[in-house]
Each structure stands twice: as structure tokens, then as C-alpha cells.
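Below is one structure, written out as C-alpha cells, with a few remarks after it.
Sequence positions, counted from 1, serve as the residue numbers for this chain.
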Amino acid sequence: QVQLQESGPGLVKPSQTLSLTCTVSGGSITANYYYWSWIRQPPGKQRELVATITGGDQTNYADSVKGRFTISRDRIKNTVYLQMNSLKPEDTAVYYCNVRGSDSGRFASYWGQGTQVTVSS
């Protein structure tokens, strides 16, 4: 079974920094993950696409995090990172990683279990 394991949850104060990590395991030897995303869901609100990175290392960010968050990846390790600087209370949410690509010759999409990030003074 393919699984995405997230790490890095925590409680931080406004203006501080936190990094999240997501690693995929269990894929076939030929698996190729070409589109990585971080999605968050604040309490009582709908999900929001935070950041994406493609196989060509093209990145995109939501306006609410642009200039503060950085997404990066390690293709060999099948790992994606999210560095969150200058955190605000409005960044409080459950953060999910998602990866899309080809696995065993077919399109695949996998989700992490979600990790709680709380920004509070």
C-alpha cells in the first residue's frame, strides 16, 4: 500500500517558523511523482490549496502564503517539504500533502494523513 507520512506538526507563536515534511513510500519501482501539493483546512472552513511543485520544479502559491511559504522536493527520496515563515494565526489548519503521478503504469493520487498546525500567542 502506498502511504504518505507527514511530520512536523506543532504549536507555534505568531511570526515563528515551522517546517513540514511528507514522504511517500510503498510505490512501485517505476513510480514517478510529478505533481506535489500542500493543502490545508482551517477550522470551520473549506480546504485551500497552499502550494504546488511540479516535476520541472515550477512552484505556485496561494496569495495568502506567497512570500512566506516555500515548497521544495527531493525526487530521489520522494519527499516534499513546506517551510512556513512569519506564521500568522490565520495559518492555523490541518495540513495535508498530496502527490500525483504514475504508478505501475497508471495515474495515481495519494494523500497524507494530515498534520495539525496551530499558530497562537
Side-chain angles (χ1 to χ4, degrees):
Q1 290 283 348
V2 175
Q3 294 184 337
L4 273 64
Q5 183 64 47
E6 301 180 22
S7 62
L11 173 63
V12 298
K13 296 181 178 180
S15 80
Q16 292 187 333
T17 296
L18 184 66
S19 295
L20 303 179
T21 300
C22 175
T23 300
V24 60
S25 62
S28 70
I29 193 172
T30 59
N32 179 33
Y33 307 111
Y34 52 78
Y35 194 84
W36 298 77
S37 302
W38 286 98
I39 301 95
R40 68 184 181 185
Q41 186 166 25
K45 300 178 67 176
Q46 63 183 3
R47 290 184 177 183
E48 175 188 25
L49 182 63
V50 176
T52 64
I53 185 168
T54 70
D57 290 327
Q58 180 179 351
T59 59
N60 285 283
Y61 299 92
D63 290 339
S64 58
V65 307
K66 188 175 298 183
R68 300 187 297 119
F69 289 12
T70 302
I71 186 172
S72 60
R73 68 179 179 90
D74 186 322
R75 185 171 57 188
I76 301 301
K77 296 181 179 180
N78 288 329
T79 299
V80 65
Y81 309 90
L82 185 68
Q83 181 178 349
M84 303 180 289
N85 299 330
S86 302
L87 283 163
K88 306 175 181 179
E90 63 194 77
D91 295 319
T92 296
V94 177
Y95 285 72
Y96 301 88
C97 62
N98 171 261
V99 60
R100 300 179 180 182
S102 62
D103 193 355
S104 300
R106 302 180 63 182
F107 171 80
S109 178
Y110 304 111
W111 289 85
Q113 81 280 6
T115 184
Q116 177 70 47
V117 174
T118 302
V119 185
S120 176
S121 61

Under 3.5 Å side-chain donor-acceptor pair for [X] and [Y]:
X    : Y    : value
T52  : S37  : no
S109 : N98  : yes
T118 : Q116 : yes

Chi angles and distances behind the side-chain contact (heavy atoms from CB on, under 4.5 Å) call for V65, R40: CA-CA 12 Å; V65 307; R40 68 184 181 185; 3.9 Å; yes
SB check D91 K88 (cutoff 4.0 Å):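 K88 and D91: not salt-bridged.
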Without swapping roles, check the side chain of [X] against the backbone of [Y] for a donor-acceptor pair under 3.5 Å.
X    : Y    : value
R100 : Y35  : no
T92  : V119 : yes
R73  : T54  : yes
E6   : L20  : no
Y34  : S102 : no

Beyond-backbone contact of R68 with M84, side-chain heavy atoms, under 4.5 angstrom: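 With C-beta onward as the side chain, the pair stays apart.
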Within one Ile-Leu-Val-Met-Phe-Trp-Tyr cluster: V2 and V80, side-chain cutoff 4.5 Å: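 In one cluster with V2: V80, yes.
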R47, CZ: over 12 other non-hydrogen atoms inside 6.0 angstrom: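 Atom CZ in R47 is packed in, count exceeds 12.
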Neighbour count >12 (heavy atoms, 6.0 Å) for atom CD, Q16: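 Enclosed: over 12 neighbouring heavy atoms sit under 6.0 Å from CD of Q16.
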Closest contact, heavy atoms only, Y96 versus G112: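 Looking at all heavy atoms of both residues, the closest pair is CD2-O, 3.8 Å.
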Aromatic plane relationship, F69 with Y95 - under 30° parallel, 30 to 60° tilted, over 60° perpendicular: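 Y95 and F69: tilted rings.
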